[in-house]
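Any value given below was found using the heavy atoms of this structure, including those in side chains, with hydrogens, waters and symmetry copies removed. Below, read A as the first sequence line, B as the second, and so on, with proteins coming before strands; counting in each chain starts at 1.
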There are 2 protein chains.
Amino acid sequence: MDIIADLGSLAFGSRLKRMSEIGMQSVQDVYVLYGVDFETKDFPLFYYLSQKGEASIMEISEVLKVTHPAVIQTAKGLEKKGLIISKKSAEDARKRNLKLSKKGKNLLPKLEKIWTEIKALNNSIFENQKHNILEALKEIEDVWAEKTYIERFKEFHRIG
Amino acid sequence: MDIIADLGSLAFGSRLKRMSEIGMQSVQDVYVLYGVDFETKDFPLFYYLSQKGEASIMEISEVLKVTHPAVIQTAKGLEKKGLIISKKSAEDARKRNLKLSKKGKNLLPKLEKIWTEIKALNNSIFENQKHNILEALKEIEDVWAEKTYIERFKEFHRIG
DNA sequence: TCAAATTGCGTAACCACTTACGTAATTGTT
DNA sequence: AACAATTACGTAAGTGGTTACGCAATTTGA
């Protein structure tokens, strides 16, 4: 018996959090399996830089939808590992731009192979679902984006 | 554009985490709306005690699938608010049993009303989904429970 | 044109968990 | 009965995010 799952919509947040942790750890296990020194939590930033080339702290913060201190902290870790480098922007002295280092670029092909394999497995899992999780998440995100939850709550229960 | 969502299965963990935070905050807004001094994160423990009556730290830890220090910490907060009380077990001096206090029981009807309203709104959202999120989560949990991700990964890619 | 508002970044403190480790009580084995 | 193994709980430190706040650089607008 899983009381959190049984509670359905009420413990929705707690349930998502728990699944998020399991999901992140699972991917971490794959990096370990291949002996690659890379952390799951760094994936969004590292991947974005691999695609975009170069980006400022705030741009990354907005694209990844995390706060800018989170970006700074993640970047600090990746800089310490030598996977990314940063330099002040020439156009705007307030900005600091991040990009992959040589070492980061060298690691990229190995990571991309792993990412492809993970994607293949996940897709095979998701494709067999009666209720596709990615579709389901997208639908919920759209609902939340259209109107805040609390607004919707007030309307639904005729409050205010 | 939402790069995390676009990445689909690769940023699955990050995405769940973000949604979990939004979901928890949304429910918190409802408590605030009703002027009730209750925190979303305390819901699973408080709810379980309201159903079970009395339970030890480890029992709660197992049922809610969080570590025992997490239970202790959450319980500490609820005790400080006077919503739960605890006493050493008579049968086993190692155990400490938690249960709702008078104040906690008094608050319960108000909370139950709120929970019912949240449930009603959420169900109305979920029922309109083409891909039901609760069903989708359940399917994924079952897949993960059947075999660890890394085992499945090795088999899928014929490794080891 | 120059003062006010805004923007970008950095740091500090906090939050809700986790892992690691220690101690006391109970249980199992012989 | 005694002692080794296990179990329940507590605390400390770590993690990966957050909010709050401050400062310097840029942009706005009277």
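Taking atom CD of B/Glu91 as the reference point, atom P of D/dA8 lies 14 Å away to the nearest angstrom. Put simply, CZ on B/Arg18 is 15 Å from C1' on D/dT18, counting in whole angstrom units. In this structure, A/Asn97 places its CG atom 16 Å from P of D/dA25, rounding to the nearest Å. Taking atom CG of residue A/Leu64 and atom P of nucleotide D/dT18, one finds them 11 Å apart after rounding to whole Å. The CE-P distance, from B/Met58 to D/dT6, rounds to 15 Å in whole Å. Distance CZ (A/Phe43) to P (D/dG17): 14 Å, rounded to an integer number of Å. In this structure, B/Ile57 places its CD1 atom 18 Å from P of C/dA24, rounding to the nearest Å.
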Exercise for review: Please step through side chain to side chain donor-acceptor pair (under 3.5 Å) for the pair B/Glu151 and B/Thr148, ending with a clear verdict.
Suggested key: CA-CA 5 Å; B/Glu151 264 185 276; B/Thr148 68; 3.2 Å; yes
N/O contacts under 3.5 Å, protein versus nucleotides 5-7 of chain C?
residue : atom : partner : partner atom : Å
C/dT7   : O2   : A/Arg94 : NH1          : 2.8

What does the list of N/O pairs under 3.5 Å between the protein and nucleotides 17-23 of chain C look like, with a distance for each?
residue : atom : partner : partner atom : Å
C/dT18  : OP2  : B/Thr67 : N            : 3.1
C/dT18  : OP2  : B/Thr67 : OG1          : 2.4

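In terms of hydrophobic clustering, with Ile, Leu, Val, Met, Phe, Trp and Tyr side chains grouped at heavy-atom distances under 4.5 Å, B/Met58 and B/Leu78 are assigned to different clusters. Under the 4.5 Å side-chain heavy-atom criterion for ILVMFWY residues, a single connected hydrophobic cluster contains both A/Leu33 and A/Ile114. In the hydrophobic clustering of this structure, A/Met24 does not group with A/Leu64; members are Ile, Leu, Val, Met, Phe, Trp, Tyr whose side-chain heavy atoms approach within less than 4.5 Å, directly or through other members.
At a threshold of 4.0 angstrom between heavy atoms, the contacts of A/Ile72 include nucleobase atoms, whether or not backbone atoms are also involved. Among the protein residues, B/Lys88 comes within range of no part of the nucleic acid, since none of its heavy atoms lies under 4.0 Å from any strand.
Salt bridge status for A/Glu79 with A/Arg96: present, with a side-chain N to carboxylate O gap under 4.0 Å.
Classified by interplanar angle (parallel below 30°, tilted 30° to 60°, perpendicular above 60°), the ring pair A/Phe126/B/Phe12 is tilted.
Mapped onto DNA chain C by nearest heavy atom, B/Asp92 and A/Arg96 fall at different nucleotides, with A/Arg96 at the one closer to the 5' end.
A donor-acceptor pair under 3.5 Å is absent between the side-chain atoms of B/Asp29 and the main chain of A/Ile150, judged by distance alone.
Applying the salt bridge (charged side-chain N to carboxylate O under 4.0 Å, His left out) rule to pairs touching residues 106-126 of chain A yields A/Lys113-A/Glu117, sequence neighbours excluded.
Once rounded to the nearest 0.5 Å, the distance linking CG of B/Leu137 with CE of A/Met19 reads 5.0 Å.
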